Amino acid sequence: MSAVAVDVAVIGAGQAGLSAGHHLRRRGFVPASTGAAARASATGTFVVLDADAAPGGAWQHRWESLRMATVNGIHELPGAPVPPADPSASARDVLPAYFAAYERDNDLRVERPVRARSVSRVDDDPRGRLRVGTDAGAWDARYVINATGTWRRPFWPHYPGAETFRGEQLHVHDYVAAERFAGRRVVIVGAGISAIQLLDEISRVAQTFWVTRGELRWDAGDFDTAARIAAIAGVEERVRQGLPPGSVISVTGLHRSRWADEAEQRGVLVRHPMFRAIEPDGVRMPDGTLERADVILWATGFRADVAHLAPLGLRTPAGGMRVANGRSLDEPRLFVIGYGPSQSTVGANRAGRDAVRAIVRDGTIPPDAAPAASGGTTQESIPV
């Protein structure tokens, strides 16, 4: 069995991965054709690998009631404005179609469904190749741009007694619509945007009880641009040191939204302290009272989906990776984008651009090695 040789392998076709693909195209790289029998060119090729069966990144998996009028955090892909859409249209219909059109218009030829299993070094040469092992074969690349995001790694905090709960537990990752909870009592855990949006939505058809680990810190009016830049710089410093990135919102605070305002007007935006344990019929609060629950909804965020990078040995004792400006400090052939400060959509766009700029600046791959015109290219095979 042979590994396909490419110059750049992009893992993930969400916002960050498509941004990287766009900028590779602009720099003259062309998609490698994995089906070609003869492979000739040794420079200027890339492949985008995506675990999903269809375009759209995480948007295709968001809950069905998320409408274009209420979606948070859309930012256009590079060079392609989000097309006008009916505000009542489902975001998981509109945005995947937008991503699909972007892939076609940029001729990115995303390979899917292909799930990355591992990224490892082919040999001891520090300028050698990295091998991307997948469930559909292997690719050997001079550079790897990892853009796998967080969607596949929902975070479930552990609380004593969780396994005894007789009701239903689910994460936002698996939420579909509020109607399934009609007439039930739902404990909502979390302080982020999703928690508040779903609190507002679910409380219209069910009883809700909202808990957060700490007091809420609403985004103050004097939290200006300079303060935001400083906060994001704090996240950048964390990942540079190899600390787990956390989230930008954990640093910047929580923004008021129309969901918060509407929930407050209806009297349901009532925050309670985090429970200390879960019991068969509910949650045990710090003061000893039992709050009955039929459902526990964990709106507790996500973690970076980077387990496939483990063979590179980049994990620090603190649990993160040392990354600066989207590039691994301990493996410079690896870029980790959509990680830490680039988790936002605009940050992901910039990270994709900056990764490609850095690759070209290295000089390992001639920036004009291949024409930007569409059409297949061939690539040599490297024995595994």
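Computed from a predicted structure; not experimentally measured.
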Give the C-alpha distance, both sets of side-chain angles, the deciding distance and a yes or no for side-chain contact (heavy atoms from CB on, under 4.5 Å) between Arg357 and Arg27. CA-CA 9 Å; Arg357 282 181 176 175; Arg27 293 284 184 164; 3.5 Å; yes
Is a salt bridge present between Arg131 and Asp140, judged by a nitrogen-to-oxygen distance below 4.0 Å? yes
Please name all residues satisfying ring pair (Phe, Tyr, Trp, His ring centres under 6.0 Å) with Phe165, sequence neighbours left out, ordered by chain then number. none
Testing the basics here: between Ala16 and Gly338, what is the closest heavy-atom pair and its distance to 0.1 Å? CB-N, 4.3 Å
What I'd like to find out is whether the side chain of Ile196 reaches to under 4.5 Å of the side chain of Ile188, using heavy atoms alone. no
Considering only heavy atoms from C-beta outward, does the side chain of Leu269 approach that of Trp210 to under 4.5 Å? yes
I'd like to check Leu309 versus Met321 (side-chain heavy atoms, cut-off strictly below 4.5 Å). Are they in contact? yes
Are any of the side-chain heavy atoms of Trp259 and Ile193 separated by less than 4.5 Å? yes
Shortest non-hydrogen contact between Gln169 and Ala162, atoms and distance: NE2-O, 3.0 Å
I need the Thr208 OG1 to Leu198 CG distance, nearest 0.5 Å. 11.0 Å
Test: side-chain hydrogen bond (donor to acceptor under 3.5 Å, both in side chains). Region: residues 306-321. Which pairs qualify, not counting sequence neighbours? Asn146-His308
Thr45 side chain to Val6 main-chain N or O, any donor-acceptor pair under 3.5 Å? no
Apply salt bridge (Lys or Arg N to Asp or Glu O under 4.0 Å) to residues Arg152 and Asp52 and explain how you reach the verdict. CA-CA 11 Å; Arg152 293 182 180 276; Asp52 281 309; 3.0 Å; yes
Is any NZ, NE, NH1 or NH2 atom of the basic residue among Arg185 and Asp281 found under 4.0 Å from an Asp or Glu carboxylate oxygen of the other? no
Using side-chain contact (heavy atoms from CB on, under 4.5 Å), reason through His23 and Asp354 one step at a time and then give a plain yes or no. CA-CA 9 Å; His23 287 288; Asp354 292 347; over 6 Å; no
Arg109 vs Phe46 side-chain heavy atoms within contact, under 4.5 Å: no
Arg327/Asp362 salt bridge by N-O under 4.0 Å criterion: yes
State, yes or no, whether a side-chain contact exists between Glu168 and Arg184 at a heavy-atom distance under 4.5 Å. yes
Stepwise side-chain contact (heavy atoms from CB on, under 4.5 Å) check, Tyr159 with Ile296: CA-CA 12 Å; Tyr159 274 82; Ile296 301 174; over 6 Å; no
Can you confirm whether Asp294 is buried at CG, in the sense that more than 12 heavy atoms of other residues, nucleotides or ligands lie under 6.0 Å from that atom? yes
For the CZ atom on Arg271, are there more than 12 heavy atoms of other groups (residues, nucleotides or ligands in this structure) within a distance under 6.0 Å? yes
Side chain proximity check, Arg25 to Val30, heavy atoms < 4.5 angstrom: yes
State, with a plain yes or no, whether a side-chain heavy atom of Arg204 is found less than 4.5 Å away from one of Asp200. yes
Evaluate the side-chain contact (heavy atoms from CB on, under 4.5 Å) criterion for residues Val336 and Leu314: first the C-alpha distance (whole Å), next the side-chain angles of each, then the deciding distance (0.1 Å), finally the verdict. CA-CA 12 Å; Val336 188; Leu314 304 176; over 6 Å; no
Taking Trp298 as the starting point, is it possible to reach Val283 by hopping between hydrophobic residues whose side chains are less than 4.5 Å apart? yes
